[in-house]
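Quick caveat, the model's predicted, so the values are computed rather than measured.
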Amino acid sequence: MYPTSLTQLARGNPFSAPLFSLQKAEEPQQKLQGQSPRRLAAAATADEGDSCEFGSQKYFVLCGFGGILSCGTTHTAVVPLDLVKCRLQVSPEKYQSIGKGFSITLREDGVRGLAKGWAPTFIGYSMQGLCKFGFYEVFKIFYSDLMGEENTYLWRTSLYLAASASAEFFADIALAPMEACKVRIQTQPGYANTLRQCAPKMFAEEGIWAFYKGVVPLWMRQIPYTMMKFACFERTVELLYKYAVPKPRSECSKSEQLVVTFVAGYIAGVFCAIVSHPADSVVSVLNKESGSTAIGVLKKLGPKGVWKGLVARIIMIGTLTALQWFIYDSVKVYFRLPRPPPPEMPESLKKKLGLTE
């Protein structure tokens with residue numbers, strides 16, 4: 001049996017990595033015929049009432065569809081705020097604040113001007129959502145299988161971080177062309193008013209590089225953002241059910257579970273906005289100015305300049321992240337996809353830690 005101090009460490013420090021190694025138990029492990037090993041968040045087979053098996057091809061496809069709905073619709077809905085945020089980042093001397101940004105935009109472009117860039121926003125973030133949520137589920141199961149049941153539980157925060165970073169790497173490649181068009185439309189008045197005008201013009205002027213020169217800053221912005229978005233959400237859900245919700249998840253109704261999803265999503269979104277904002281400022285200026293580089297823009301903005309527009313982005317990203325998780329989880333409910341409960345310590349690990357007889 002392990003010392004009491006190590007047992008207390010395992011119980012009381014859920015966010016840290018394990019600081020000790022485990023010895024393989026002597027007792028033989030019996031495996032029932034046809035029984036699959038338990039993964040981090042769900043059994044490998046479909047429970048009664050589920051429309052498909054956890055980790056099946058149908059499961060991944062529908063998760064990707066949920067990502068399209070959650071990211072495409074929410075980002076399009078906040079285009080006016082995103083437009084003002086981008087203009088505040090690239091022309092702070094003119095727009096100065098969120099309120100002035102809205103008033104100047106309305107005075108110069110009218111109400112329709114607030115919707116500039118909606119088409120590349122919808123297309124780009126739909127493709128990003130497909131890859132972000134779909135690949136996250138794929139990589140989470142893939143890495144979990146590599147790690148094994150016990151290590152998956154002990155290192156679950158690292159698992160969430162690795163899976164989300166891997167998914168976002170591909171999601172940003174899908175997003176980059178439309179993000180470049182969106183920023184050009186929103187921050188260069190007179191350059192182009194629609195995606196059909198903007199894309200051919202950018203290609204004629206700078207070639208294919210015009211659409212991908214911002215992919216590295218996108219990775220700098222989106223990968224930390226997504227790592228925080230998924231890891232913070234997963235652990236916040238776990239803690240809410242453990243300390244805040246007065247009854248087990250299994251006893252909560254679907255609507256009550258979705259409320260927990262929304263609250264955890266908003267908490268995660270606030271942290272997401274803070275960790276990714278400096279890179280977001282670089283992306284906005286980079287896509288506005290042709291021939292610019294990420295290092296050059298960073299030097300031009302300086303330590304204070306990269307934080308311009310943070311309040312607007314916290315409001316936008318907090319709301320976005322909460323709605324995205326709410327929509328994504330609602331899609332899972334609608335299509336009756338497996339929705340595993342928060343992870344629990346495997347019985348084999350409890351025996352090794354001396355938590356059970």
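- For E108, the side-chain hydrogen bond (donor to acceptor under 3.5 Å, both in side chains) partners are K94, not counting sequence neighbours.
- Residues that satisfy the ring-ring contact (aromatic ring centres under 6.0 Å, His included) test with F170, not counting sequence neighbours, are F135.
- Put simply, the side chain of F271 does not reach to within 4.5 Å of the side chain of I314, judged on heavy atoms.
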Test log, rule side chain to side chain donor-acceptor pair (under 3.5 Å), inputs T152 and Y143: CA-CA 8 Å; T152 290; Y143 292 150; over 6 Å; no
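- When only modelled atom types and interatomic distance are considered, E168 and Q128 share a side-chain donor-acceptor pair under 3.5 Å.
- A donor-acceptor contact shorter than 3.5 Å links the side chain of T74 to the backbone of C71.
- Here the closest heavy-atom approach between residue S253 and residue S255 is recorded as OG-OG, 3.1 Å.
- Remark: the backbone N or O of G124 is not paired with any side-chain donor or acceptor of E179 at under 3.5 angstrom.
- A donor atom on one side chain and an acceptor atom on the other are found under 3.5 Å apart for E137 and Y59.
- To the nearest 0.5 Å, atom OG of residue S103 and atom CD1 of residue I98 are 12.0 Å apart.
- S166 places a side-chain N or O within 3.5 Å of a backbone atom of A162 that can act as its donor or acceptor partner.
- The closest donor-acceptor contact from the side chain of S164 to the backbone of L161 lies under 3.5 Å.
- With sequence neighbours left out, the ring-ring contact (aromatic ring centres under 6.0 Å, His included) criterion links W219 to F169.
- By the 30° and 60° cut-offs, the orientation of the rings of F203 relative to F211 is parallel.
- By the 4.5 Å heavy-atom criterion applied to side chains, L298 and V306 are counted as neighbours.
- Here the side chains of K242 and P342 are not in contact, with every heavy-atom distance at 4.5 Å or above.
- No side-chain heavy atom of W325 sits under 4.5 Å from any side-chain heavy atom of S70.
- For C252 against Q257, the heavy-atom pair with the smallest separation is O-NE2, 3.1 Å.
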E206/R184 under salt bridge (charged side-chain N to carboxylate O under 4.0 Å, His left out): CA gap, chis, key distance, verdict: CA-CA 13 Å; E206 301 180 59; R184 193 69 65 94; 3.1 Å; yes
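- Judged by the 6.0 Å and 45° rule, K201 forms a cation-pi pair with Y191.
- Pairing each heavy atom of T187 with each of C86, the nearest pair is CG2-CB, 3.9 Å.
- Put simply, CG on L240 and CD1 on I267 are 5.5 Å apart, with the number rounded to the nearest 0.5 Å.
- Counting heavy-atom neighbours within 6.0 Å of F60 CZ, excluding the residue itself, gives a total above 12.
- Between R339 and F54 the shortest side-chain heavy-atom distance does not fall below 4.5 Å.
- Between M220 and V282, the closest side-chain pair of non-hydrogen atoms is not below 4.5 Å.
- Checked by atom type, the side-chain pair E150/S348 shows a donor-acceptor distance below 3.5 Å.
- Applying the side-chain hydrogen bond (donor to acceptor under 3.5 Å, both in side chains) test to S281 and every residue at least two apart in sequence or in another chain returns Q89.
- The shortest side-chain heavy-atom distance between L69 and Y328 does not fall under the 4.5 Å cut-off.
- By the side-chain hydrogen bond (donor to acceptor under 3.5 Å, both in side chains) test, H75 is found to be paired with Q324, residues two or more places apart in sequence or in another chain being considered.
- Residues passing the ring-ring contact (aromatic ring centres under 6.0 Å, His included) test with Y95: none are found, sequence neighbours excluded.
- The two residues L310 and I274 have their closest heavy-atom pair at CD1-CA, 4.4 Å.
- A salt bridge is defined here as a Lys NZ or Arg NE, NH1 or NH2 lying under 4.0 Å from an Asp or Glu carboxylate O, and E93 with K308 fails to meet this definition.
- With rounding to the nearest 0.5 angstrom, the CD1 atom of I68 is 8.5 Å from the CZ atom of F122.
- R87 contributes no side-chain N or O that, together with a main-chain N or O of V84, makes up a donor-acceptor pair within less than 3.5 Å.
- In plain terms, the two heavy atoms of P120 and C181 that are nearest each other are CB-CB, 4.2 Å.
- K332 has no carboxylate O lying under 4.0 Å from a charged side-chain N of D329, or vice versa, which leaves the two without a salt bridge.
- Two rings, from F133 and F230, have their centers less than 6.0 Å apart.
- When the options R313, Q222, K229, R221 are evaluated for a side chain to side chain donor-acceptor pair (under 3.5 Å) with S276, the one that passes is R313.
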Stepwise salt bridge (charged side-chain N to carboxylate O under 4.0 Å, His left out) check, E256 with K247: CA-CA 11 Å; E256 290 172 335; K247 54 185 176 181; 3.2 Å; yes
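- A pairwise comparison of heavy atoms in G117 and I185 identifies N-CG2, 3.9 Å as the closest pair.
- Atom CG of L83 is separated from atom CG of D109 by 8.0 Å, given to the nearest 0.5 angstrom.
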